[in-house]
Amino acid sequence: MAFTPLLHSWLLTILLDILILICCGTGFLIFWKHRNSSDSTHLDWLRRWLIAIFAILLTLGPTIVTSSSSSAISDTDVFFAVDVTGSMAVDDAHYGSNQTIPRIQAAKDAVENLVSMYPGASFAGVTFGASASLALPPTADVGAVQNWLKVLEVEPTDASNGTQLSEPVDTLLLAMQKVKKEYPRNIIVLYYISDGEQTRDVEASSFSPLRQFVDAGAALGVGSTQGGKVPFISPQDLTSGQGSSPRYLDEPGSSTPAISKMHPQNLEEIADQFSGTYLHLDQNTTVASLSSYTSHSYLVRETDRKHSMRDIQVWPLAIVIALLLLWECGADIFKQRKYQ
């Protein structure tokens, strides 16, 4: 048996109980002082003291605590870092079939499959292009992940300033630090999805600071090493589509179409930096192939969680108080009729 104050504050509950005792005690002292001339009896005050005592017990909220346990898969946090630069719109990717699709679509298909591989886990999505942002804060709501995938598109070409492959490192680092602080026992898995093409003329930062948080993961390559033409994408194209005759970017200073190629070496290096593995997604390869590279048996693990349920039992006391109050009213009515 435990107690849960009905006023949600022990201080307020104790003050109320003291007030009840003061009122009842004051009334009894007045009765005792004038007992020879009072029409109240000792039985009347016994009844009133019982009402006060049961009222105090009711405010304390007698509670029955029941314990239960459940198995849940909730100690894994999966982070997705998805490249949304203009080259991800190149239509040269495959995902488990011979059908050619845009690289961003292959990335979205991979994320969708990975989500199904981690039932009960939490998911977070970081997109990176001109800048990196936590587009999907950590959530166990698969519906939220699906909504994120629906709106996941490449950034407009005119807003791009080239690809910096290490752009998401700081954003991932901050998000993972927060997860580890709140859930130190959780496992963190990272999936970095890109074509691996570095076009910004700056030195890429290392992903090695993520090693302290990442337990497993992979760098997933989308696209082909032969490459393809890069579509010109405006904000209007994102809302209305490019139409049947898309425009393409040209190489700087020429009229030759720019060709974007996947760079597996860069992705292999990134995977090595955060202690992950590299996988190229193509006609014969999807994320299901990861089972042969890294074990998911310990990543998606069941944990027993104990739950306590508190059931406040005030109804028996309320019934007793109601009966005593009916008795009090009946006694008062009897006395009034007696003296009429």
Side-chain angles (χ1 to χ4, degrees), residues 1-77 119-122 137-144 177-187 301-340:
M1 176 68 72
F3 295 94
T4 304
L6 293 186
L7 299 181
H8 304 288
S9 168
W10 279 113
L11 177 61
L12 293 177
T13 300
I14 291 172
L15 290 176
L16 176 61
D17 293 341
I18 291 174
L19 180 62
I20 292 173
L21 289 174
I22 291 174
C23 292
C24 195
T26 302
F28 181 74
L29 289 176
I30 294 174
F31 156 72
W32 189 256
K33 185 177 181 180
H34 304 285
R35 61 185 180 278
N36 294 328
S37 59
S38 174
D39 60 348
S40 295
T41 65
H42 290 80
L43 182 60
D44 291 334
W45 278 101
L46 173 62
R47 181 176 62 248
R48 291 162 188 168
W49 273 110
L50 287 174
I51 293 174
I53 291 172
F54 281 106
I56 290 173
L57 290 175
L58 186 143
T59 63
L60 296 178
T63 303
I64 295 177
V65 180
T66 56
S67 298
S68 62
S69 61
S70 62
S71 294
I73 308 172
S74 56
D75 60 348
T76 302
D77 291 273
S122 292
T139 177
D141 184 0
V142 176
Q177 284 176 336
K178 185 176 181 180
V179 167
K180 273 298 183 184
K181 183 177 180 180
E182 295 181 3
Y183 308 100
R185 293 183 65 253
N186 276 22
I187 289 171
R301 66 186 184 186
E302 291 190 359
T303 57
D304 290 328
R305 292 200 170 187
K306 297 188 179 298
H307 307 275
S308 294
M309 183 176 294
R310 302 175 71 88
D311 186 12
I312 302 177
Q313 299 290 322
V314 297
W315 63 268
L317 297 174
I319 291 175
V320 173
I321 293 173
L323 292 175
L324 290 172
L325 289 174
L326 286 174
W327 184 8
E328 178 72 19
C329 291
D332 187 61
I333 292 173
F334 177 78
K335 289 176 183 178
Q336 291 180 11
R337 290 185 175 180
K338 181 180 178 181
Y339 294 109
Q340 283 180 352

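Here the side chains of Thr139 and Ser122 are not in contact, with every heavy-atom distance at 4.5 Å or above. The closest side-chain heavy-atom distance from Ile321 to Leu58 is below 4.5 Å. Residues Leu60 and Trp10 are in side-chain contact: their nearest non-hydrogen atoms beyond the backbone lie under 4.5 Å apart.
When the options Thr13, Thr63, Val314 are evaluated for a side-chain contact (heavy atoms from CB on, under 4.5 Å) with Thr4, the one that passes is Thr63.
Scored by the side chain to side chain donor-acceptor pair (under 3.5 Å) test, Asp17 finds Thr59 as partners (sequence neighbours excluded). Applying the side chain to side chain donor-acceptor pair (under 3.5 Å) criterion to Asp332, with sequence neighbours excluded, gives Gln336. Arg35 pairs by the salt bridge (charged side-chain N to carboxylate O under 4.0 Å, His left out) definition with nothing, not counting sequence neighbours. Scored by the ring pair (Phe, Tyr, Trp, His ring centres under 6.0 Å) test, His42 finds Phe31, Trp32 as partners (sequence neighbours excluded). Applying the side chain to side chain donor-acceptor pair (under 3.5 Å) rule to Thr41 yields the partners Asp44; only residues at least two apart in sequence or on another chain are considered. In this view, Leu11 and Ser9, Leu15 satisfy the side-chain contact (heavy atoms from CB on, under 4.5 Å) rule, not counting sequence neighbours. Val320 is linked by a side-chain contact (heavy atoms from CB on, under 4.5 Å) to Phe54, Leu324, counting only residues two or more places apart in sequence or in another chain. With sequence neighbours excluded, the residues forming a side chain to side chain donor-acceptor pair (under 3.5 Å) with Asp311 are Gln313, listed by chain and number.
The distance from atom CG of Leu6 to atom CG of Leu12, rounded to the nearest 0.5 Å, is 12.0 Å. Atom-to-atom distance recorded for Leu21:CG and Ile53:CD1 is 8.5 Å, nearest 0.5 angstrom. Note: Cys24 SG to Leu19 CG = 11.5 Å, rounded to the nearest 0.5 Å.
Legend: side-chain hydrogen bond (donor to acceptor under 3.5 Å, both in side chains) pairs involving residues 319-328, not counting sequence neighbours, sorted by first then second residue: Arg47-Glu328, Arg48-Glu328. For the salt bridge (Lys or Arg N to Asp or Glu O under 4.0 Å) condition, no pair includes a residue of residues 312-321, sequence neighbours left out. Within the structure, the side-chain hydrogen bond (donor to acceptor under 3.5 Å, both in side chains) test picks out no pair touching residues 18-27 (sequence neighbours left out).
With 3.5 Å as the limit, one finds a donor-acceptor pair spanning the side chains of Asp77 and Asn186.
When every heavy atom of Ser40 is checked against every heavy atom of Trp45, the shortest pair comes out as CB-NE1, 3.9 Å.
The backbone N or O of Phe28 lies less than 3.5 Å from no partner atom in the side chain of Lys33, so there is not a single donor-acceptor pair.
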